[in-house]
Each structure stands twice: as structure tokens, then as C-alpha cells.
Undergrad: 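Before I ask anything, let me first share the structure, which is written out below as C-alpha cells.
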2 protein chains.
Amino acid sequence: MSDNLKLSNQVCFPLYTLAKEVIKKYRPILIDLDLTYPQYLVMMVLWEEGIQNVSEIGNKLSLDSGTLTPLLKRLEQKELIIRKRKTEDERIVTISLTENGRKLENTAQCVPNKIVETLNIDTEDLQQLKNIINKINSKITK
Amino acid sequence: MSDNLKLSNQVCFPLYTLAKEVIKKYRPILIDLDLTYPQYLVMMVLWEEGIQNVSEIGNKLSLDSGTLTPLLKRLEQKELIIRKRKTEDERIVTISLTENGRKLENTAQCVPNKIVETLNIDTEDLQQLKNIINKINSKITK
DNA sequence: GTAAATTAGATTGTGCACAATTTAATTTTG
DNA sequence: CAAAATTAAATTGTGCACAATCTAATTTAC
């Protein structure tokens with residue numbers, strides 16, 4: 001077998017594994033908020049930026065409506081968000097936080113620290129990873 | 001909002017996005033082999049290591065039986081692999097390549113080069129990403 | 001001003017991903 | 001050796017992820 005088909009020589013596989021591994025670390029922490037990782041991302045967008053269209057959330061998280069629509073319906077069922085069609089342009093659905101959704105931000109404050117603890121990666125390595133990923137992401141997604 | 005809850009300050013989100021983005025680049029290339037990315041990973045294990053148990057594949061790819069069983073059944077339907085229970089220990093299912101499955105390795109030779117082309121990332125950046133991810137992966141998955 | 005193009009979400013269908021449970025076989029222990 | 005523990009896959013159920021298609025509303029071009 002030629003070397004370039006070897007699993008160990010490829011970059012995508014370790015990237016794919018690490019991403020799954022890190023999300024797995026979030027699970028027991030986010031269970032306290034009754035959120036999955038993608039749901040947590042949506043909530044962060046809303047906490048950070050307030051009321052948003054579905055497409056705005058999609059752009060920020062690189063997720064399409066086929067993923068977001070059912071996810072947002074689950075957040076609505078948990079009474080964390082409200083989905084409402086705009087009167088000016090009824091194609092547009094705006095997503096806003098409920099009181100519960102807003103309050104959840106306080107509970108979420110501890111999440112990043114808990115993650116850093118459980119990941120247990122050198123701060124330097126983490127920073128290096130962040131830098132190189134951001135560098136590549138900015139080139140690749142256009 | 002406290003800074004540590006900001007999306008931009010977290011490492012997991014760019015990691016998760018980059019992994020999805022890279023897998024997305026594989027899709028149009030793997031479509032020629034009629035494989036998804038996880039199916040391609042399984043085929044690479046088999047090309048590289050030959051006949052394997054389900055659990056051995058699972059360990060190498062960090063995937064559990066709930067993921068692998070249906071995936072392997074799809075590969076079996078495509079007549080790329082054979083699933084066979086061991087006679088010595090009938091709990092164990094061994095996965096081997098069919099003639100078609102073996103032949104597909106030739107077609108797959110071009111995949112890594114095509115990926116490097118379409119990713120269009122500096123070789124240095126790619127190497128740096130690979131190094132830091134491998135370093136972190138080896139610490140995190142134990 | 002109306003037909004064509006564009007835009008925004010929703011829907012549908014396929015395929016992971018994984019936790020939890022089940023089933024069946026093998027090993028270990030008393 | 002028989003009961004208990006362990007092991008290996010399969011099954012079930014929930015939740016993404018995304019391509020493709022659909023529906024309806026708005027823009028634009030003529």
C-alpha cells in the first residue's frame with residue numbers, strides 16, 4: 001500500500017477524532033444545562049448577539065436549515081427560545097430568548113472553566129492549536 | 001456577558017467547524033468511490049491491516065458498534081466487504097474485503113493528492129496542525 | 001405591473017454518532 | 001462444574017449534518 005493512503009499520514013483523521021473527543025468532554029458538563037453541544041452553540045450566539053434570524057445563526061455556526069430547524073424546535077420545546085415569523089417578510093423566522101433562556105447564561109458561566117479543567121491540555125498547546133486552526137479556517141471557508 | 005463565554009474565545013468551536021469543513025471537502029472526491037468519509041476510514045483500516053473484528057475497527061477509528069454495525073451493513077450491501085461470525089467465538093464478527101473492495105484501493109490512491117489540492121493549505125501550516133493535534137490527541141484519549 | 005429570479009425556511013431522506021440496553025457466548029471463581 | 005462476571009455485537013432511540021427539493025414571499029427586469 002502506498003504511504004499516502006495510510007491513516008497515520010493524513011491530517012483529516014486526527015482532526016475528526018479530536019473534534020469528536022472534545023465534544024465528548026462537553027457532554028457531561030452540558031448535561032447539567034440540558035443542552036447538547038450544537039444547542040449550546042446556538043444559545044451562545046443568542047446570548048452574545050441577541051435576537052437573530054435562522055439564517056444569521058446558520059452563517060455564524062456554519063449550519064443549514066435542515067440542521068437548525070429541528071434543533072431550534074427542541075430549544076423551543078424546552079422553553080429556552082421563541083420562534084416568530086416577521087410581519088414585514090414572513091419568510092424570515094426570528095429567534096429570541098425566553099426568560100429561562102436568558103437565565104441559563106448564568107448557569108453556563110462555569111462551562112468554559114470546567115472544559116479547560118477536564119481537557120487538561122497545556123495552555124500553550126491549546127493556544128497554538130487555536131492559532132493554527134483560526135489561520136486555516138479563515139483561508140478555507142471562502 | 002463575560003468574555004470566557006464568547007464563541008470567539010473558545011477552541012472547540014473552530015475545531016468543530018474545521019473538522020466539518022475538511023470532511024465537506026472529501027465529499028465530492030469520495031462520491032467517485034461511492035463512499036462517505038467514515039466508510040472511507042473503515043476501508044482504509046481494511047486496506048492497511050486486512051481482516052479485522054468489528055471491535056478492532058472501532059478501536060482504531062474511535063467508533064462504537066452502534067455506528068459501525070449499520071455502516072458495515074451498507075458496505076456489505078455495496079459488496080465491498082464480507083461480515084462473518086467466527087466459529088471459535090460466535091460473538092465476534094470479522095470483516096474482510098471482497099475482490100471489489102480490494103480493487104477499490106487502486107481507485108482510492110488519488111484521494112490524498114486531490115484533498116491536498118482542494119484544501120489549498122500551506123504545507124507548513126498543515127504539518128503544524130498535524131503535529132499539534134497528534135500531540136493533544138495522544139494526551140487526551142486515555 | 002407582471003413574469004422571472006432570488007431569497008428564506010421547512011421538509012424529506014440518508015447517514016453518522018453515541019448512550020443505554022439486550023443477547024449470547026466465553027471466562028473466571030468459588 | 002455451575003453461578004457470576006465479563007466480553008462482543010446488535011439493537012434502540014435521540015440528535016445532529018447536510019443534500020435535495022419544496023413552498024412562499026420578495027426583488028428585479030423588462
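Any value given below was found using the heavy atoms of this structure, including those in side chains, with hydrogens, waters and symmetry copies removed.
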Undergrad: If only atom types and distance count, is the side chain of A:Ser96 paired as donor or acceptor with the main-chain N or O of A:Ile51 below 3.5 Å?
TA: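 Checked: no pair found.
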Undergrad: So B:Ile23, base contact, sugar-phosphate only, or nothing? Heavy-atom distance under 4.0 Å.
TA: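 Nothing: the residue B:Ile23, judged by heavy atoms under 4.0 Å, touches no strand.
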Undergrad: Between P on D:dC18 and CD on B:Glu21, what's the gap in Å once rounded to a whole number?
TA: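 So the two atoms are 8 Å apart, to the nearest Å.
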Undergrad: Near B:Glu124 CD, under 6.0 Å, is it more than 12 heavy atoms from other residues, nucleotides or ligands?
TA: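 No - once you tally the heavy atoms of other residues, nucleotides and ligands closer than 6.0 Å, there are 12 at most.
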Undergrad: Main chain of B:Ser55, side chain of B:Lys60: is a donor-acceptor contact present, judged purely on distance under 3.5 Å?
TA: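 Such a contact is absent between B:Lys60 side chain and B:Ser55 backbone.
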Undergrad: Test B:Met44 against every option in B:Val42, B:Leu41, B:Leu46 by the side chain to side chain contact (heavy atoms under 4.5 Å, CB included) rule and name the one that passes.
TA: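 That would be B:Leu41; it is the only one of B:Val42, B:Leu41, B:Leu46 passing the side chain to side chain contact (heavy atoms under 4.5 Å, CB included) with B:Met44.
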Undergrad: Atom CD of B:Glu76 to atom P of C:dG15: distance rounded to whole Å?
TA: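 About 15 Å, once rounded to whole Å.
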Undergrad: Roughly how many Å is it from CD1 in A:Ile57 to P in C:dA8, rounded to a whole number?
TA: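 Result: 14 Å.
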Undergrad: Starting at atom CG of B:Leu30, determine the distance to atom C1' of C:dG15, rounded to an integer number of angstrom.
TA: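 To the nearest whole Å, that distance equals 14 Å.
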Undergrad: Look only at the side chain of A:Lys20 and the backbone of B:Ser62, and say whether a donor-acceptor pair between them is shorter than 3.5 Å.
TA: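 Such a contact is found between A:Lys20 side chain and B:Ser62 backbone.
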Undergrad: Nearest whole angstrom, please: distance from the P of C:dG15 to the CG of B:Leu35.
TA: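 It works out to 12 Å between those atoms.
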Undergrad: Assuming nearest nucleotide by heavy-atom distance, tell me which of B:Arg27 and A:Lys78 is located more 5' along DNA chain D.
TA: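 The residue whose closest nucleotide sits nearer the 5' end is A:Lys78.
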Undergrad: In whole angstrom, what separates A:Phe13's CZ from C:dA17's C1'?
TA: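 Taking atom C1' of C:dA17 as the reference, CZ of A:Phe13 is at 14 Å.
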Undergrad: Taking OP1 and OP2 of D:dG15, is either one under 4.0 Å from a side-chain nitrogen or oxygen of A:Gln39?
TA: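 For D:dG15, neither OP1 nor OP2 has a side-chain N or O of A:Gln39 closer than 4.0 Å.
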Undergrad: Let me know the distance between CZ of A:Arg74 and P of D:dA17, rounded to the nearest Å.
TA: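 Between P of D:dA17 and CZ of A:Arg74: 10 Å.
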Undergrad: Judged by atom type as modelled, is there a donor-acceptor pair below 3.5 Å linking the side chain of B:Lys78 to the main-chain atoms of B:Asp34?
TA: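 Side chain of B:Lys78 to backbone of B:Asp34: a pair is present.
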Undergrad: Looking at B:Thr36, I'd like to know whether one of its side-chain N or O atoms comes within less than 4.0 Å of OP1 or OP2 on C:dC16.
TA: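 Answer yes for this pair, as a side-chain N or O of B:Thr36 is under 4.0 Å from OP1 or OP2.
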Undergrad: When you check the phosphate oxygens OP1 and OP2 of D:dA17, does a side-chain N or O of B:Tyr16 lie under 4.0 Å from one of them?
TA: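 It does, given that an N or O in the side chain of B:Tyr16 lies less than 4.0 Å from OP1 or OP2 of D:dA17.
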Undergrad: With a 4.0 Å cut-off, would you call B:Asp125 and A:Lys139 a salt bridge?
TA: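 Between A:Lys139 and B:Asp125 there is a salt bridge, with a charged N closer than 4.0 Å to a carboxylate O.
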Undergrad: Could you write nucleotides 7-12 of chain D as a row of B, S and -, 5' to 3', where a protein heavy atom under 4.0 Å of any base atom gives B, of only sugar-phosphate atoms gives S, and otherwise -?
TA: BSSBB-
Undergrad: Rounded to the nearest Å, what distance is computed from the OH atom of residue B:Tyr37 to the C1' atom of nucleotide C:dA17?
TA: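 Taking OH of B:Tyr37 and C1' of C:dA17, I get 15 Å after rounding.
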